[in-house]
Undergrad: 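The structure under discussion is supplied below as structure tokens; questions concerning it will follow.
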Amino acid sequence: FARLASAKTGAAAQFVQTTPLDDLPFFADCSGRFLSRISCAMVDHFYTEGVEVIREHEEGNSMFILHKGTMQVLIGTQDVGRIAGPACFGEMALFGFTRKRNATVKALSVCI
């Protein structure tokens, strides 16, 4: 019985709670408790190719976490970059650095 109990304890000790945020460098220094609380408030979205997720100059109060897929970043009509999952974007408006979005972000593929 002692061996069985220690085996179960060892297995339980190896269990680690993870969140969808664990793989993002943006959240690397955050505690597990903080990440769990944020994860509970997250809403899943699914975007197909061509859908604008963020539109430049619109007011924003949220950020986005891209798990899979690729997004195009546009300022005006100029293509200025790509965002590939896992990544996050839109944080400037969320944290109050700006009230309006600085760029348009559009799905180039199916994005989750």
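We use all heavy atoms of the structure for the numbers below, so side chains are in, but hydrogens, waters and symmetry mates are not.
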Undergrad: Do the side chains of F89 and I65 join up, straight or via other hydrophobic residues, at under 4.5 Å, putting them in one cluster?
TA: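 Cluster IDs for F89 and I65 differ.
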Undergrad: In this structure, would L108 and Y47 fall into the same cluster of hydrophobic residues linked by side-chain contacts under 4.5 Å?
TA: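 The answer is no; the residues belong to distinct hydrophobic clusters.
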Undergrad: Count I, L, V, M, F, W, Y as connected when their side-chain heavy atoms are under 4.5 Å apart, and connections chain through other members. Are L35 and F26 then in the same cluster?
TA: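 Same cluster: L35 reaches F26 through Ile, Leu, Val, Met, Phe, Trp or Tyr contacts under 4.5 Å.
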Undergrad: Cluster question for you: counting only ILVMFWY and a side-chain heavy-atom cut-off of under 4.5 Å, with indirect links fine, are V51 and I112 together?
TA: no
Undergrad: When you measure from the side chain of T70 to the backbone of A84, do you find a donor-acceptor pair of N or O atoms at a distance under 3.5 Å?
TA: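 No, the answer is negative, given that no donor and acceptor are paired below the 3.5 Å cut-off.
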Undergrad: Are side-chain heavy atoms of C88 and M63 found at a separation under 4.5 Å?
TA: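 SC-SC contact between C88 and M63 confirmed.
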Undergrad: Tell me, which pairs form a salt bridge (charged side-chain N to carboxylate O under 4.0 Å, His left out) where one or both residues lie in residues 30-48, sequence neighbours left out?
TA: none
Undergrad: Within a radius of less than 6.0 Å around CZ of F34, do more than 12 heavy atoms belonging to other residues, nucleotides or ligands occur?
TA: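 12 or below, so no.
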Undergrad: Please name all residues satisfying side-chain hydrogen bond (donor to acceptor under 3.5 Å, both in side chains) with E52, sequence neighbours left out, ordered by chain then number.
TA: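 Listed in chain order: R55.
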Undergrad: Show me the pairs that pass salt bridge (charged side-chain N to carboxylate O under 4.0 Å, His left out) and involve residues 86-111, at least two apart or across chains.
TA: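 Every pair satisfying salt bridge (charged side-chain N to carboxylate O under 4.0 Å, His left out) with a residue in residues 86-111: E59-R99.
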Undergrad: Roughly how far, to the nearest 0.5 Å, is CE of M71 from SG of C111?
TA: 4.0 Å
Undergrad: Decide whether F64 and I75 are clustered together by the hydrophobic rule: side chain heavy atoms of Ile, Leu, Val, Met, Phe, Trp, Tyr closer than 4.5 Å, transitively.
TA: yes
Undergrad: Measure the shortest side-chain to side-chain distance between V43 and H45 over non-hydrogen atoms and say whether it is less than 4.5 angstrom.
TA: yes
Undergrad: Quick check: does any side chain N or O of Q72 sit under 3.5 Å from a backbone N or O of A107, one acting as donor and the other as acceptor?
TA: no
Undergrad: With rounding to the nearest 0.5 angstrom, report the CE to CG distance, M92 to N102.
TA: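 Atom-to-atom, M92:CE and N102:CG are 6.0 Å apart.
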Undergrad: Tell me the closest heavy-atom pair linking A93 and G60, and the distance in Å.
TA: CB-O, 3.4 Å
Undergrad: E49: which residues meet the side chain to side chain contact (heavy atoms under 4.5 Å, CB included) condition with it, sequence neighbours left out?
TA: none
Undergrad: Can you list everything that forms a side chain to side chain contact (heavy atoms under 4.5 Å, CB included) with A87? Sequence neighbours excluded, please.
TA: I83
Undergrad: I'd like to check the salt bridge (charged side-chain N to carboxylate O under 4.0 Å, His left out) partners of R82; sequence neighbours left out, ordered by chain and number.
TA: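 By the salt bridge (charged side-chain N to carboxylate O under 4.0 Å, His left out) rule, R82 matches D79.
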Undergrad: Return yes when atom CZ of F97 has more than 12 non-hydrogen atoms of other residues, nucleotides or ligands closer than 6.0 Å, and no otherwise.
TA: no
Undergrad: Closest heavy-atom contact between S109 and G69?
TA: OG-CA, 3.5 Å
